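Working notes, structure below.
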Amino acid sequence: MEEKTEKVKGEAVQIIEAFEVLPKLVVFDLDYTLWPFYCECRSKREMPSLYPHAKGILLALKEKGIDVAIASRSPTADIATAFLNKLGLSSLFVAQEIYSSWTHKTDHFQRIHSRTAVPFNSMLFFDDENRNIQSVSKMGVTSILVGDGVNLGSLREGLTQFSRNWNASQKNKQKWLSKYSNKPDTSNPAA
């Protein structure tokens, strides 16, 4: 199993290195994104498993200096936390927002932002529920819907979309600056 994780990590590092613009923080859902089950349907005594590419992707992001966090609406945070510990992953995350919520994760992202000071437009998010993708996208976070867990394809898709979003926002910023910075300053008429 460790050999496969190293292989995936190497491939993920290559994918990451292909991009000039990278997110400062990558946020993951847990259920059906990092692992193939709902926590509330499991027992703390069980040994959980991840999707095949998940651990390699997490390790590659860390190796490349990109922080990772969790945003999960699980009603059983104790089980989720126990599973992260059993899998030896807890120390990888700069923030773990795991609690039940009706906000489609906007509260989770507000807390992650408060804890990390990373702007929403510098974040990339992976989740298996479209309602979470929609609400978090409106906050300015590049959000990717995963069908069967996070994998190398979804990583590439996410980094591609993040790069597009970032470049578009920079072009808009330049347009705004050039439009408004050439006007004479009329704020102090006595000057």
Side-chain angles (χ1 to χ4, degrees), residues 12-31 33-34 54 56-74 77 80-81 84 89-146 149-183 187:
V13 164
Q14 287 182 330
I15 291 168
I16 294 165
E17 288 175 344
F19 290 87
E20 286 182 35
V21 178
L22 294 168
K24 286 185 171 59
L25 179 69
V26 180
V27 183
F28 295 91
D29 172 43
L30 291 175
D31 298 342
T33 300
L34 285 184
I57 289 169
L58 291 169
L59 294 172
L61 290 165
K62 273 309 217 189
E63 182 175 301
K64 297 309 291 179
I66 300 169
D67 286 334
V68 291
I70 293 170
S72 174
R73 292 187 314 117
S74 175
T81 302
L84 290 168
L89 299 177
S90 288
S91 65
L92 294 179
F93 300 102
V94 296
Q96 294 183 35
E97 294 299 328
I98 306 169
Y99 54 88
S100 190
S101 166
W102 295 105
T103 65
H104 307 305
K105 300 199 178 163
T106 54
D107 287 348
H108 294 73
F109 274 82
Q110 291 289 353
R111 288 183 183 186
I112 289 169
H113 170 67
S114 294
R115 182 166 293 161
T116 65
V118 174
F120 294 125
N121 70 345
S122 294
M123 295 182 191
L124 173 59
F125 174 49
F126 294 96
D127 198 303
D128 68 310
E129 291 188 46
N130 195 45
R131 62 186 173 166
N132 296 328
I133 295 296
Q134 296 300 319
S135 62
V136 173
S137 290
K138 289 176 184 165
M139 300 174 80
V141 177
T142 299
S143 303
I144 302 299
L145 184 67
V146 297
V150 70
N151 58 40
L152 292 170
S154 58
L155 176 65
R156 184 179 286 109
E157 177 188 352
L159 292 173
T160 300
Q161 191 59 50
F162 179 85
S163 190
R164 280 189 197 128
N165 291 352
W166 183 261
N167 289 334
S169 72
Q170 294 307 301
K171 284 180 186 169
N172 288 338
K173 187 176 176 181
Q174 286 305 317
K175 281 182 192 173
W176 188 89
L177 286 172
S178 64
K179 183 175 181 178
Y180 294 104
S181 65
N182 293 333
K183 293 193 177 202
S187 62

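Worth saying up front: this structure is predicted, and the values here are computed from it rather than measured.
Contact check on E129 versus K105 returns no salt bridge, with no Lys/Arg side-chain nitrogen under 4.0 Å from an Asp/Glu carboxylate oxygen.
For the pair L84/Q96, a side-chain contact is recorded, criterion being any heavy-atom separation below 4.5 Å from C-beta on. Looking only at side-chain heavy atoms (C-beta outward), L22 and K64 stay at 4.5 Å or farther from each other. The side-chain heavy atoms of K62 and L58, taken from C-beta on, include no pair separated by under 4.5 Å. Contact annotation: the side chain of I144 never approaches that of F162 to less than 4.5 Å [non-hydrogen atoms, C-beta and beyond].
How far CG of L34 is from CZ of F28: 6.0 Å, rounded to the nearest 0.5 Å. The line from CZ of R111 to OG1 of T116 is 14.0 Å long, rounded to the nearest 0.5 Å. A distance of 9.5 Å separates CG in D29 from CD1 in I70, rounded to the nearest 0.5 Å. Once rounded to the nearest 0.5 Å, the distance linking CZ of F125 with CG of L145 reads 10.0 Å. The CD1 atom of I16 sits 5.0 Å away from atom CD1 of I66, with the distance rounded to the nearest 0.5 Å. Put simply, CG on L159 and CG on L124 are 6.0 Å apart, with the number rounded to the nearest 0.5 Å.
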- request: Would you sort out whether V27 and V68 count as a side-chain contact (heavy atoms from CB on, under 4.5 Å), showing the intermediate values?
  value: CA-CA 6 Å; V27 183; V68 291; over 6 Å; no
TODO: Take F109 and M123 through the test side-chain contact (heavy atoms from CB on, under 4.5 Å) and record every step on the way to the result.
DONE: CA-CA 10 Å; F109 274 82; M123 295 182 191; 3.7 Å; yes
Task: Evaluation steps, side-chain contact (heavy atoms from CB on, under 4.5 Å), between V136 and F120 - done: CA-CA 9 Å; V136 173; F120 294 125; over 6 Å; no
Does the pair E20 and S163 meet the rule for a side-chain contact (heavy atoms from CB on, under 4.5 Å), with working shown? CA-CA 8 Å; E20 286 182 35; S163 190; over 6 Å; no
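Note that R156 lies outside the cation-pi zone of F19, set by a 6.0 Å cut-off to the ring centre and a 45° limit from the axis.
Considering only residues two or more places apart in sequence or on other chains, T142 meets the side chain to side chain donor-acceptor pair (under 3.5 Å) condition with N165. With sequence neighbours excluded, no residue satisfies side chain to side chain donor-acceptor pair (under 3.5 Å) with D67. Under the rule for a salt bridge (Lys or Arg N to Asp or Glu O under 4.0 Å), K138 has no partner lying at least two apart in sequence or in another chain. Evaluation of the salt bridge (Lys or Arg N to Asp or Glu O under 4.0 Å) rule for E157 yields no partner, not counting sequence neighbours. Residues satisfying the salt bridge (Lys or Arg N to Asp or Glu O under 4.0 Å) test with R115, not counting sequence neighbours, are E97. Scanning for salt bridge (Lys or Arg N to Asp or Glu O under 4.0 Å) contacts around K24 gives an empty result, with sequence neighbours left out.
A side-chain donor-acceptor contact under 3.5 Å links S154 to the backbone of N151. When atom types are taken as modelled, the side chain of S135 and the backbone of N132 share a donor-acceptor pair closer than 3.5 angstrom. Side-chain atoms of S137 come within 3.5 Å of backbone atoms of I133 as a donor-acceptor pair (strictly under, hydrogens ignored). One N or O on the side chain of H108 and one on the backbone of S72 form a donor-acceptor pair closer than 3.5 Å. In this structure, the side chain of S143 engages the main chain of V141 through a donor-acceptor pair within 3.5 Å.
When all heavy atoms of A60 and V13 are compared, the closest pair comes out as CB-CG2, 3.7 Å. Across L155 and F126, no two heavy atoms sit closer than the pair CA-CZ, 4.1 Å.
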